[in-house]
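Reckoned from all heavy atoms, side chains included, excluding hydrogens, waters and symmetry mates.
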Protein chains: 2
Amino acid sequence: MDSAVVSNIKKPVGVPEPTVRRMPKYLNLLKSMQKEGDLFVSAPYIARLQGLDNTQVVKDLAYTGITGKPRVGYSIEELILALEDFLGFNRKHEAFLVGAGFLGSALIQYQGFKESGMRIVAAFDIDKQKVGKEIGGVPVFHLEKFRDLASRLHISMGIISTPAGAAQNIADLMAGWGIKAIWNFAPVTIKVPDHVFVQDTHLYANLAVILNKLTHPAK
Amino acid sequence: MDSAVVSNIKKPVGVPEPTVRRMPKYLNLLKSMQKEGDLFVSAPYIARLQGLDNTQVVKDLAYTGITGKPRVGYSIEELILALEDFLGFNRKHEAFLVGAGFLGSALIQYQGFKESGMRIVAAFDIDKQKVGKEIGGVPVFHLEKFRDLASRLHISMGIISTPAGAAQNIADLMAGWGIKAIWNFAPVTIKVPDHVFVQDTHLYANLAVILNKLTHPAK
DNA sequence: GATTATTAAAGATCTTTTTCTTTATTAAAT
DNA sequence: ATTTAATAAAGAAAAAGATCTTTAATAATC
C-alpha cells in the first residue's frame, strides 16, 4: 500500500466558477428580453450577444437543469426562474458591512444589488465620526456591536471594505462570529477556516491588467 | 498543402492574465515587507502568505525579468521596481470616468488607486444636478465635453460606471474618441473595436459566486 | 408526408493554467 | 575545503476550461 494516499479530500466538483460568473449576465439579458415580450431564446443568440462560444452557453445553461427544444430554444421564463434559484437570487440574503469609507458607502447605496436578494442591513466602523450616522438609510454601528447583532439577526454574509491593514483582523472576527461567507474588497489575501467562504473583489487586479496593457501594448 | 491553415493570427502569447492579476498582491506584500526593513524574500515565503503554490510564485516573478539567488531569494527592492515597471504603476495614467453616481463617486474618491499611478482627472454625466459640481476635487462635466477634453489632455483610459442601459453607447463614444482601454463596471458585455481593450469588473459576478455558495453549500 | 434547416446535447480535442518533478546553484554549516 | 539544506529554474505532467465535432431531435418548409 502506498502511504502517499494521504487524503481523500472531497473535491468540490461542483459547477465551474467561470460558469457561475457568467450566469448573472445571462439572467440580466433574459430579463430584458422578457420585458420585451420574448418567450423563447436560443443559445446561439445569447452567445452572439455575449461574445461567447455557442456550446459554452449550452453547457452553462445545462447546469440549471433546464432543457431546451431543438429548433426553438429555451423558455425564457423557465430559465429565469432556474437561474434565480441556482444563484440564490430569489432568497433574502442579509449582510453586514465593515468599513464605511468611500467604497463601503458606495456599496451600501449601490442600487444594483437589489435584484440579487442581497441587502446590506447594517454597517460597522471604528471611526467615531461615522458611528451613529446613517448611509443611505443603513445605520452605522461601532464594530463591537457586530457580534451581538449578527447572532440576533442570523447574518451569514460579511463584507469587508476596510483598509488592507485591518482586513485580516476583521475576517478573523467574522469567522468567529458565525459568518459563513465573506466578500472581501481589501487588497490582501485573507485566511479563514475552511467552513468560511471568501470571495475577493480586488479592484487592483483589474486595474493591473489595464495598466499593463496600456504600458506594454501587444504588438 | 493543407488549406486549413487559414490564419496566422498573431496570438498574443504574452504574460498569462492570472499572473498579471496576482502581481499587485505581490507588490503590496513586498512593500509592506520593505517597510519593515526586510531586504530579501523567498518565493516559498510569498507562496505561504498568499496561499499559492511555490512554483507558481517563481514563475510569476520570472516574468518581471528579475532573478533570485538560491538560498537567499529575491531582492525586495529590485522586485518592487520591476513589478511597478511591469504593471505600469510607475507611470502616470490619467483617466476619464463616465457616470458619476454612487459607484462612480466612490471610484473617484477611493484612495487606493494612488499607488498605481492611475488618476481620474475628470468625471462626466448627463444629469444636470451633477454637472458643474465637484466630487473629491474632481470636476464633473457634461458628457458632450468628453471628446474635446480627452483629445486635448491625451486621455487613453475611460471608466464606465453608468447604468447598464447606457454602457454600450458610452463605450462606442469612447472608442470613437480615441480611448485605448475601458474599465467597465456596468453589468453588461460591451462590444468595442479590436484596438480597444476592455476590462470588466462585474460586481454581480462576484456576488453570484457567494450567493450560490450560500444557497447551495458544497457537502 | 418527406425534406430541410436549426438547434440542443454529448463527446472529443485543444488550449491554458496549475501543479509536480527534477536539476542546478549557492550560502551556510561542518 | 566539504557537505548540507534551501532555493530558483526548467521541464513534465495534470487539471481545468474552452472550443470543435458529431449526433439526434424537431419545427418549419416544400
| note | Whole-Å distance, A:Asn54 CG to C:dA10 P, equals 15 Å
| Non-hydrogen side-chain atoms of B:Phe185 and B:Leu107 separated by less than 4.5 Å | yes
| request: Please tell me which of B:Asp53 and A:Lys69 maps to the more 5' nucleotide of DNA chain C, matching each residue to the nucleotide holding its nearest heavy atom. | output: A:Lys69
| request: Ignoring backbone atoms, establish whether B:Arg22 has a side-chain N or O less than 4.0 Å from OP1 or OP2 of C:dT18. | output: yes
| task | With heavy atoms under 4.0 Å as the rule, sort A:Ser42 into base, sugar-phosphate or nothing. | result | sugar-phosphate
In a table with atom names and distances, give each donor-acceptor pair under 3.5 Å that connects a side chain of residues 80-93 of chain B to protein atoms at least two apart or in another chain.
unit_1	atom_1	unit_2	atom_2	d
B:Glu84	OE2	B:Lys31	NZ	3.2
B:His93	NE2	B:Gly88	O	2.8

| said: Side chain of B:Lys59 only, heavy atoms from C-beta on: which candidate in C:dC20, C:dT17, C:dA10 is closest? | reply: C:dC20
| request: For A:Val72 and for A:Asp60, find the nucleotide of DNA chain D with the closest heavy atom, then tell me which residue's nucleotide is more 5'. | output: A:Asp60
| query | Which nucleotide in the list C:dA9, C:dT4, C:dA10 gets nearest to the side chain of A:Arg71? | reply | C:dT4
| request: Could you go through the ring-ring contact (aromatic ring centres under 6.0 Å, His included) check for A:Phe96 and A:Trp183 one step at a time? | output: CA-CA 10 Å; A:Phe96 277 3; A:Trp183 194 359; over 10 Å; no
| For residues 45-67 of chain B, which residue pairs qualify under side-chain hydrogen bond (donor to acceptor under 3.5 Å, both in side chains), counting only residues two or more places apart or in two chains? | A:Thr189-B:Gln50, B:Thr19-B:Asp60, B:Arg22-B:Asp60, B:Tyr26-B:Asp60, B:Asp53-B:Thr55
| B:Phe102 ring center near A:Tyr110 ring center (under 6.0 Å) | no
| query | Which residue, A:Pro70 or A:Leu52, contacts DNA chain D at a nucleotide closer to its 5' end, judged by nearest heavy atom? | reply | A:Leu52
| request: Give a yes or no on whether A:Ile126 atom CD1 has more than 12 heavy-atom contacts from other residues, nucleotides or ligands under 6.0 Å away. | output: no
| query | Across the strands shown, which category fits B:Thr67 at heavy-atom distances under 4.0 angstrom: base, sugar-phosphate, nothing? | reply | sugar-phosphate
| request: Shoot me the first and last contacting nucleotide of DNA chain D against chain B, ordered 5' to 3', at under 4.0 angstrom to non-hydrogen atoms. | output: D:dA5 to D:dA12
| field | Rounded distance (Å) that lies between atom C1' of C:dA8 and atom CG of A:Leu79 | value | 12 Å
| said: Taking 4.0 Å as the cut-off, does a side-chain nitrogen or oxygen of A:Tyr74 come that near to OP1 or OP2 on C:dA9? | reply: yes
| request: Could you tell me the separation between the CD atom of B:Gln56 and the P atom of C:dT17, rounded to a whole number of Å? | output: 10 Å
| said: For a 4.5 angstrom cut-off between non-hydrogen side-chain atoms, does B:Ile160 reach B:Ile190? | reply: yes
